[in-house]
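Below: one structure, written as structure tokens.
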Amino acid sequence: MGWGLVPSIFLPRMRSRELHLVWPSWYFSGISRAQAQQMLLSPANGPGAFLIRPSESSRGHYSLSVRAQASVRHYRICTAANGLYLQKGRLFPSLEELLAYYKANWKLIHNPLLQPCVPQGAAGRGPECPPPPQQPLLQDGWERPRSEFALRRKLGEGYFGEVWEGLWLDSTPVAVKVIKSAYVKLADLTKEIQTLKSLRHERLIRLHAVCSAGEPVYIVTELMRKGNLQAFLGSPEGRALGLSLLLGFACHVAEGMSYLEERRIVHRDLAARNVLVGDDLGCKVADFGLARLLKEDIYSPSSGSKIPVKWTAPEAANYRVYSQKSDVWSFGVLLYEVFTYGQCPYEGLSNHETLQQVTWGYRLPRPASCPAEVYALMLECWRSSPEERPAFAALQETLDAARRRLHPALT
Ligand code: ATP
């Protein structure tokens with residue numbers, strides 16, 4: 001991949017204790033190559049002093065500047081789809097890890113990396129320079145200036161903001177969630193973004209960047225061109241899909257949820273509207289972080305029953321007992337949505353009636369296009385007792401096996 005084409009999606013990842021710092025001591029945003037050189041050669045610094053800065057000539061990439069004796073060497077750090085690298089073939093998930101590697105293996109770049117540059121005189125914003133007028137919430141390398149994102153087309157609107165299709169640095173298509181500040185507790189948002197950053201899986205929507213200095217806060221994620229699964233299934237393209245692709249959607253969601261299950265993350269709002277579809281018809285679970293904390297107040301039964309009752313397990317709807325097993329219940333409802341091509345569950349029933357019926361033992365019927373073995377799984381997901389519901393790992397396995405078995409006959 002040419003340097004000019006590589007999207008800038010991998011930014012430094014900080015350990016939680018470092019989040020309180022304005023920047024890591026070695027990271028200098030907004031300084032030029034000449035300013036880096038000037039600082040590193042100043043009397044405050046000796047050989048081995050180093051810094052990382054955004055690249056001037058190649059937007060979205062970084063440069064490592066290191067003082068040798070009386071000169072400074074600059075190394076390009078490239079951002080690729082799956083990591084950062086200074087030398088091709090040596091990929092790292094963050095600048096921090098890349099730096100740790102080259103500190104230990106400095107012979108590879110013929111220069112020891114001894115201590116972060118001490119800022120002196122130059123105009124760049126180093127650790128001793130005054131903080132920007134509006135401190136970002138997160139203060140780490142995921143933070144990007146809002147000006148890097150051009151919002152092009154509104155894709156939709158949720159409870160706490162609008163979602164826009166945008167372009168990052170005029171080149172990388174992204175989705176930008178513009179948060180309505182009235183619905184966001186900033187402390188929760190910070191926590192939530194931390195969760196988003198720590199979760200990486202092919203079947204989960206990926207966070208690219210955050211703009212949290214000032215308002216409105218932007219949460220930038222990968223763009224899924226076919227939109228949410230519920231709407232997609234009801235579209236002419238979705239309605240034309242056969243059983244094997246429907247099973248594929250179910251498998252993708254089960255895979256993403258299995259990953260969350262392993263990490264003991266409870267989604268709380270799993271539904272086809274919160275699953276997004278890509279050009280390749282691959283599905284990814286979304287809102288696994290944001291919805292969970294930000295919506296807590298909004299969805300609270302005491303604050304007006306905005307809880308998505310038809311997707312919510314009875315113990316969660318009645319007593320707010322959320323768990324991985326309440327997510328499994330929601331997954332059963334999502335399966336129903338998939339095999340009815342996006343139909344609303346319990347059609348004709350109000351939320352109150354649904355909860356009452358479900359508590360008395362009523363369960364959704366088998367959709368016409370749903371194989372009996374998949375319907376059997378739905379019923380397992382809807383067992384009254386949470387501990388009797390299957391785990392996502394088991395659901396994934398059974399659905400994969402069903403897909404493999406059914407596929408040859410279906411194509
Ligand atoms: P809620 O706030 O209850 O979760 P929601 O999921 O519909 O509702 P948002 O997450 O704000 O709300 O998304 C609104 C719509 O924007 C989605 O339904 C989807 O169609 C679109 N959308 C969201 N994220 C993306 C994305 N990454 N790529 C493409 N479209 C997206």
Side-chain angles (χ1 to χ4, degrees), residues 7 9 149-168 172-185 188-189 192-193 195-197 199-211 216-235 237-238 249 252-253 256 260 266-301 303-312 316 322 327 330 333-334 337 342 344-345 351:
I9 60 170
F149 303 92
L151 306 187
R152 289 286 155 86
R153 185 170 67 99
K154 188 169 152 181
L155 295 171
E157 194 161 358
Y159 277 102
F160 44 89
E162 295 177 347
V163 179
W164 287 73
E165 181 180 330
L167 262 193
W168 186 359
T172 309
V174 288
V176 181
K177 194 169 255 192
V178 182
I179 302 287
K180 276 189 229 158
S181 55
Y183 285 163
V184 178
K185 280 195 244 149
D188 284 350
L189 182 60
E192 202 38 60
I193 294 170
T195 311
L196 286 173
K197 285 195 273 183
L199 298 171
R200 272 195 194 173
H201 190 275
E202 209 200 331
R203 295 294 162 211
L204 298 186
I205 284 293
R206 182 173 212 147
L207 178 74
H208 282 348
V210 177
C211 310
V217 169
Y218 284 4
I219 297 190
V220 183
T221 61
E222 66 183 301
L223 178 67
M224 300 291 281
R225 292 190 190 275
K226 291 193 189 284
N228 78 67
L229 179 61
Q230 195 265 336
F232 175 70
L233 285 166
S235 71
E237 188 183 354
F249 294 154
H252 295 165
V253 177
L260 291 184
V266 180
H267 189 301
R268 291 176 180 234
D269 195 8
L270 181 60
R273 64 181 171 276
N274 284 329
V275 169
L276 296 167
V277 187
D279 276 334
D280 60 351
L281 296 186
C283 279
K284 301 195 182 200
V285 178
D287 278 355
F288 44 87
L290 209 55
R292 205 162 44 92
L293 285 181
L294 297 181
K295 287 179 183 165
E296 207 157 19
D297 290 343
I298 303 165
Y299 277 168
S300 141
S303 69
S305 212
K306 286 249 173 73
I307 188 168
V309 169
K310 293 185 175 184
W311 284 262
T312 305
Y322 288 91
D327 278 352
S330 310
V333 182
L334 182 145
E337 293 181 278
C344 178
N351 282 346

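Basis for what follows: all heavy atoms, side chains included, without hydrogens, waters or symmetry-related copies. For ligands, and for the atoms within them, numbers begin at 1 and follow the listed sequence.
Taken from CZ in Arg206 to CG in Leu199, the straight-line distance is 11.5 Å, to the nearest 0.5 Å. The CG atom of Leu223 lies 8.5 Å from the NE2 atom of His208; values are rounded to the nearest 0.5 Å.
Taking only nitrogen or oxygen atoms, main chain and side chain alike, Glu222 reaches within less than 3.5 Å of ligand 1. Looking at Gly227 next to ligand 1, no N or O pair under 3.5 Å apart turns up.
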Margin query: Checking Asp287 against Lys177 for the salt bridge (charged side-chain N to carboxylate O under 4.0 Å, His left out) test, could you report, in this order, the C-alpha distance in whole Å, the side-chain angles of both residues, the deciding distance, and whether it holds?
Written below: CA-CA 11 Å; Asp287 278 355; Lys177 194 169 255 192; 2.9 Å; yes

Next item on the list: Mind running side-chain contact (heavy atoms from CB on, under 4.5 Å) on Ser330 and His267 for me, showing each step along the way?
Entry: CA-CA 10 Å; Ser330 310; His267 189 301; over 6 Å; no

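Residue nearest to atom 26 (C) of ligand 1, selected from Leu276, Leu229, Asp287: Leu276 (by heavy-atom distance).
Both the backbone and the side chain of Asn228 come within 4.0 Å of ligand 1, judged by heavy-atom distances. If you look at Glu157 next to ligand 1, the close heavy atoms, those under 4.0 Å, all belong to the backbone. Neither the backbone nor the side chain of Glu162 comes within 4.0 Å of ligand 1, counting heavy atoms alone.
Residue-ligand proximity, Leu155 to ligand 1, at heavy-atom distances under 4.0 Å covers atoms 29 (C), 30 (N). Those atoms of ligand 1 with a heavy atom of Gly156 less than 4.0 angstrom away are 14 (C), 15 (C), 16 (O). Taking every non-hydrogen atom of Thr221 and a distance limit under 4.0 Å, the qualifying atoms of ligand 1 come out as 27 (N). The distance from ligand 1 to the heavy atoms of Ala175 drops below 4.0 Å at these ligand atoms: 26 (C), 27 (N), 28 (N). Short contacts between ligand 1 and Arg273, defined as distances under 4.0 Å to a heavy atom of the residue, involve ligand atoms 6 (O). Residue-ligand proximity, Lys177 to ligand 1, at heavy-atom distances under 4.0 Å covers atoms 9 (P), 10 (O), 11 (O).
Checked against side chain to side chain donor-acceptor pair (under 3.5 Å), Gln230 has no partners two or more places apart in sequence or in another chain. The side chain to side chain donor-acceptor pair (under 3.5 Å) search around Glu237 returns Lys226, not counting sequence neighbours.
Arg152 has no carboxylate O lying under 4.0 Å from a charged side-chain N of Glu165, or vice versa, which leaves the two without a salt bridge.
No more than 12 heavy atoms of other residues, nucleotides or ligands shown are found within 6.0 angstrom of CD on Glu202.
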